Amino acid sequence: MFEKQTKSIFINGEWQELGRTETVYNPATMEAITEIAYGGAEEAEAAIAAADEAFKSWSSLTGRERSKVLYKAYELMVEDADRLATILTSEQGKPFAEAKGEILSGASFLLWYAEEASRAYGEIIPAPAKGKRLLVIPQAIGVVGAITPWNFPSSMITRKLGPALAAGCTVVLKPAGVTPLSAIELVKVFERAGLPKGVINLVTGNSQEIGNAMLTNKKVRLITFTGSTEVGKHLMREGANHVKKLALELGGHAPILVFEDADIEKSTTLALGSKFRNAGQTCICANRLYVHESIAEKFTTRLKEKAEAMKIGNGLEEGTEIGPLINEQAIEKVEEHLNDALTKGAAVITGGSKWDGDLEGNFYKPTIISNVKDDMIIMSEETFGPIIPIQTFNDEDVAIAKANDSDYGLAAYVFTENTSRAVRVSEKLDYGIVGVNDVFPATPEAPFGGIKQSGIGKEGGHYGLEEFMEQKFISLGIDE
Ligand code: NAP
């Protein structure tokens with residue numbers, strides 16, 4: 001499936017290996033999958049130099065020319081989806097069906113931006129005086145440093161590579177340490193698609209050294225980062241030294257508001273899909289449920305039935321619905337949040353412990369808790385695990401206020417069959433994304449991104465392309 005190899009660093013079209021290596025594990029079985037090269041500052045600097053050199057020719061191509069490579073990469077990804085999904089599940093743990101969904105959704109970003117590459121329009125502004133013409137032209141920003149997380153190790157990369165390459169930027173990519181294999185495979189896809197040397201460079205290894213090179217090297221004009229708010233703040237602080245442009249997709253703490261007119265069957269399925277996808281390790285997954293008190297009992301009973309029916313196990317086994325958490329620390333965080341809640345009076349409706357199956361990995365049972373209070377850690381911090389805390393409400397404004405009482409502002413959800421309420425509540429929620437009876441809002445056509453401490457900038461849609469471009473204003477004096 002995945003060739004055992006240490007050549008995981010790709011600079012100027014060459015795969016390199018180093019004396020230093022790092023082991024990649026399967027989180028379901030804890031077996032070692034392979035070794036990869038552990039790079040650092042030196043490799044990052046070489047990658048930046050290669051990207052800078054390649055920028056001259058790549059950015060001067062037409063949008064259509066760049067589009068051809070993106071389109072080819074899209075086709076190759078789709079053709080190879082089963083193998084890519086198997087690799088993704090092996091290094092990350094999510095069920096194969098989810099992994100394949102991620103590969104196909106990731107590929108769709110390449111398709112969309114293959115189409116957008118020819119549509120980076122400028123503007124002609126009416127001049128205030130004769131003898132002048134005012135032009136605005138968008139131009140690729142330059143070399144981009146892209147840093148990505150482990151929870152979506154493929155699509156978080158294509159969401160950046162698609163628009164970056166379409167805009168004419170070149171890239172140095174640093175994937176998460178625990179999930180580098182999907183990144184390696186993606187780079188190989190682009191290699192096969194005919195991407196010129198130096199346009200994408202991949203450096204696996206020491207995140208601080210690679211990140212510092214991106215922060216301190218003036219040739220890197222934009223850092224596009226998806227990951228924790230903590231690291232995002234670090235990049236903002238250090239990026240200030242060079243007034244580095246940043247695009248940040250950070251953490252979230254999504255509320256779901258379930259109103260009294262919601263369809264119980266549909267809502268419980270949606271809540272389950274939101275919370276337990278990727279075992280709760282999703283930036284936009286539900287972290288808090290506010291359920292109207294008139295339907296709370298019915299809703300909770302049905303949710304419990306559905307949660308208890310979920311199949312836990314190795315993501316490569318057919319029918320698995322919940323895979324492992326990424327590592328031991330993830331389990332510790334879940335337990336810390338649960339213990340805090342129980343100490344403060346919460347009750348376990350179902351789950352509440354590790355899964356005692358026959359696999360070595362870090363599995364946790366889908367868990368639902370009630371009697372939840374606002375001061376419990378789980379109500380304000382990202383748990384990144386399969387626990388749903390449920391609170392009840394009886395007033396729309398109170399529910400909105402509670403939902404908005406968060407430092408995060410990535411995604412929020414509203415379950416209702418009342419259109420007026422859907423619009424009214426959506427408009428009042430302080431979140432970058434609102435899903436109404438929809439918990440899978442990410443799509444290449446639309447802007448994805450948070451507000452408040454969930455980030456800066458958007459991925460997806462024409463907004464996504466604009467992140468990688470600067471608007472140059474040309475003021476033209478002419479003879480009338
Ligand atoms: P993380 O610890 O912030 O790591 C993200 C990436 O940053 C990894 O590649 C990591 O490398 C790297 N990194 C760590 N320290 C760094 C430093 N000092 N300088 C430069 N890079 C550094 O986050 P994570 O645990 O992988 O991902 C989970 C988080 O991502 C959650 O908060 C989740 O909500 C968020 N997320 C947000 C979105 C969104 O679209 N808003 C999407 C997915 C995930 P190493 O792994 O090698 O240390």
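Note: hydrogens, waters and symmetry copies are ignored here, and every other heavy atom, side chains too, is used. Here the structure is a predicted model, which means the values were calculated and not measured. First listed ligand is number 1; within each ligand, the first listed atom is number 1. Just so you know, residue 1 is the first one in the sequence shown, and it goes up from there.
Close contacts of ligand 1 with G211, meaning ligand atoms under 4.0 Å from a residue heavy atom, involve 20 (C). The I147 neighbourhood of ligand 1 comprises atoms 6 (C), 7 (O), 9 (O), 12 (C), 20 (C), 21 (N), with distances under 4.0 Å to a heavy atom of that residue. Residue contact check: H234 has heavy atoms under 4.0 Å from atoms 18 (N) of ligand 1. Residue-ligand proximity, F384 to ligand 1, at heavy-atom distances under 4.0 Å covers atoms 28 (C), 31 (C), 33 (C), 34 (O).
Checking only distances, Q208 never comes within under 3.5 Å of ligand 1, N or O to N or O. Looking at ligand 1, you'll find an N or O of T148 within less than 3.5 Å of one of its N or O atoms. Of the polar atoms of S454, none of the N or O atoms is found under 3.5 Å from an N or O of ligand 1, judged by distance alone. Geometrically, ligand 1 and N151 share no nitrogen or oxygen pair separated by less than 3.5 Å. Among the atoms of P149, none of the N or O lies under 3.5 angstrom from an N or O of ligand 1.
If you check which protein heavy atom lies closest to atom 35 (C) of ligand 1, you get G227 O, 3.2 Å. If you check which protein heavy atom lies closest to atom 2 (O) of ligand 1, you get S228 OG, 4.0 Å.
A cation-pi arrangement is absent between K197 and W58, since the terminal nitrogen or guanidinium carbon is not both under 6.0 Å from the aromatic centre and inside a 45° cone about the axis.
Looking only at atom types and distance, the side chain of H253 has no donor-acceptor partner in the side chain of S406 under 3.5 Å away. No hydrogens or angles considered: a donor-acceptor pair under 3.5 Å links the side chains of E35 and T23. Side chains of S8 and T204: a donor-acceptor N/O pair is present below 3.5 angstrom, by distance only. If you check the side chains of E45 and N217, you find a donor sitting under 3.5 Å from an acceptor. Side-chain contact annotation: Q329 with N362, donor-acceptor N/O pair under 3.5 Å absent.
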List the steps and the verdict of salt bridge (charged side-chain N to carboxylate O under 4.0 Å, His left out) for R221 and E470. CA-CA 11 Å; R221 298 287 308 283; E470 283 174 320; 3.0 Å; yes

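Heavy-atom distances between W150 and ligand 1 reach below 4.0 Å in at least one pair. For the pair G450 and ligand 1, no heavy-atom separation below 4.0 Å is found. Ligand 1 has at least one atom lying under 4.0 Å from a heavy atom of R159.
Under 4.0 Å from ligand 1, the heavy atoms of M156 that appear belong solely to its side chain. With a 4.0 Å cut-off on non-hydrogen atoms, V178 does not touch ligand 1 at all. The part of F225 lying near ligand 1 is the side chain, judged by heavy-atom distances below 4.0 Å. Within the 4.0 Å heavy-atom criterion, the part of E382 lying near ligand 1 is the side chain and not the backbone. Of the heavy atoms in M214, none comes closer than 4.0 Å to ligand 1. Contacts with ligand 1 closer than 4.0 Å are made by backbone heavy atoms (N, CA, C, O) of P175 only, the side chain lying farther away. Using a 4.0 Å cut-off between heavy atoms, L410 contacts ligand 1 through its side chain alone, with no backbone atom that close.
Closest to atom 36 (N) of ligand 1 by heavy atom, among A442, A411, A176, C283, is C283.
Pairs engaging residues 445-465 under the side chain to side chain donor-acceptor pair (under 3.5 Å) rule: R159-E459, K160-E459, K233-Q453, T443-E445, H462-E466 [sequence neighbours left out].
Using bins of under 30°, 30° to 60° and over 60° for the plane-to-plane angle, the ring pair Y71/Y74 lands in the tilted bin.
Side-chain contact between V172 and V220 is absent, with no heavy-atom pair separated by less than 4.5 Å. Between I36 and T21 there is no side-chain heavy-atom pair separated by less than 4.5 Å.
Residues passing the side chain to side chain donor-acceptor pair (under 3.5 Å) test with D52: none are found, sequence neighbours excluded.
Closer than 4.0 Å to atom 4 (O) of ligand 1 lies none of the heavy atoms of the protein.
Under a 3.5 Å cut-off, the side chain of N201 and the backbone N or O of A50 do not form any donor-acceptor pair.
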